[in-house]
Amino acid sequence: SQQGEEDPQALSIQEGENATMNCSYKTSINNLQWYRQNSGRGLVHLILIRSNEREKHSGRLRVTLDTSKKSSSLLITASRAADTASYFCATGGQGAQKLVFGQGTRLTINP
Amino acid sequence: NAGVTQTPKFQVLKTGQSMTLQCAQDMNHEYMSWYRQDPGMGLRLIHYSVGAGITDQGEVPNGYNVSRSTTEDFPLRLLSAAPSQTSVYFCASSYSPGVLALHFGNGTRLTVT
């Protein structure tokens, strides 16, 4: 069963615009992670936010976490064509040895 | 430093055949795992291991076996391939059993006819 659900399933924007993707989950978590997958490749870890954090930045990425709403968002600012990929959220529970992935958001950046 | 290496990249099997998907990592990671990725289903955990000699089941373990005799290797065995096992398989590892920041291989695309 999927823990995280991403929204939207697909997003298409113009280069230079900001892209926002959302993830909702069902049970309490220890951390939430975001990954990127380019076509035909494995996933690449982008950023991790712990349950006691509300916001985290890494370069052009900003992640927020609202544990009361069981939701997270990933913002990519000043998008580039190279950001075209699928983006997945994944949740880890307290002491959990399993990371549960959502179904992903497919992001297309148009030049 | 190669990271996580999966072989083969592509494989076609007939129903009932068996095979082993190989996974090796050179980062001295204790945690290793196998996922399958299907359209519309995201990634689903098959089996995982928190160290040599220790394995456990994930969400979809039926039809698959694993073993972990060394820290570096975590092979996935398909016992009797079925068309439902057609998928892309990813091996991933992490330095922490708390599963922080998985490192993924580039996948094995398996087709069962």
Side-chain angles (χ1 to χ4, degrees), chain A residues 1-10 21-53 56 58 61 63 65 85-106, chain B residues 2-7 9-10 21 23-25 27 29-51 54-61 66 68 74 87-109:
Chain A
S1 62
Q2 298 298 323
Q3 161 79 310
E5 292 186 4
E6 284 95 340
D7 171 62
Q9 291 188 349
M21 289 158 273
N22 303 297
C23 170
S24 60
Y25 57 92
K26 297 173 184 173
T27 61
S28 63
I29 61 171
N30 173 269
N31 66 81
L32 187 145
Q33 303 175 37
W34 285 91
Y35 289 79
R36 183 188 73 233
Q37 183 180 33
N38 292 95
S39 179
R41 304 298 296 266
L43 280 72
V44 175
H45 180 261
L46 295 175
I47 196 165
L48 178 151
I49 187 166
R50 298 186 185 275
S51 59
N52 61 353
E53 298 175 308
K56 205 161 184 180
S58 177
L61 305 181
V63 169
L65 178 64
S86 291
Y87 292 81
F88 294 86
C89 68
T91 54
Q94 184 67 37
Q97 296 167 339
K98 305 176 186 179
L99 201 58
V100 181
F101 285 82
Q103 296 181 16
T105 293
R106 189 171 62 253
Chain B
V4 179
T5 303
Q6 290 185 238
T7 56
K9 287 185 169 55
F10 301 95
L21 279 63
C23 175
Q25 53 89 11
M27 298 172 283
H29 284 174
E30 290 296 323
Y31 183 93
M32 296 186 75
S33 57
W34 278 100
Y35 286 87
R36 59 178 289 174
Q37 184 176 33
D38 302 292
M41 299 290 291
L43 282 85
R44 292 181 292 169
L45 181 64
I46 305 171
H47 284 285
Y48 65 97
S49 167
V50 298
I54 306 169
T55 63
D56 207 343
Q57 296 181 350
E59 181 185 357
V60 288
V66 292
R68 186 92 180 271
F74 191 44
S87 186
V88 182
Y89 291 84
F90 288 99
C91 179
S93 70
S94 171
Y95 70 92
S96 164
V99 199
L100 305 176
L102 283 172
H103 295 251
F104 280 80
N106 282 325
T108 294
R109 185 174 294 275

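Chain identifiers are assigned alphabetically (A, B, ...) following the order of the sequence lines, protein sequences preceding nucleic acid strands; residue numbering begins at 1 within each chain. Not measured: the values here are computed from a predicted model.
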B:Asp56: what forms a side-chain contact (heavy atoms from CB on, under 4.5 Å) with it, not counting sequence neighbours? B:Tyr48
Among B:Gln37, B:Gln6, B:Arg109, B:His103, which residue has the highest count of heavy-atom pairs closer than 4.5 Å to chain A? B:Gln37
How long is the straight-line distance from NE2 of A:His45 back to OG of B:Ser94, given to the nearest 0.5 Å? 9.0 Å
Would you give the length of the straight line joining atom CZ of A:Phe101 to atom OH of B:Tyr35, rounded to the nearest 0.5 angstrom? 5.0 Å
For the residue pair B:Phe90 and A:Gln37, what are the closest heavy atoms and their distance? CZ-NE2, 3.4 Å
Apply side chain to side chain contact (heavy atoms under 4.5 Å, CB included) to residues A:Val44 and B:Phe104 and explain how you reach the verdict. CA-CA 7 Å; A:Val44 175; B:Phe104 280 80; over 6 Å; no
Above 12 or not: heavy atoms from other molecules or residues under 6.0 Å from CD of A:Glu53? yes
Between the CG atom in A:Leu43 and the CG atom in B:Leu102, the distance rounded to the nearest 0.5 Å is 9.0 Å
In Å, rounded to the nearest 0.5 Å, how long is the span from CG of B:Leu45 to NZ of A:Lys98? 7.0 Å
Part of A:Arg50 lying under 4.5 Å from any heavy atom of chain B: side chain
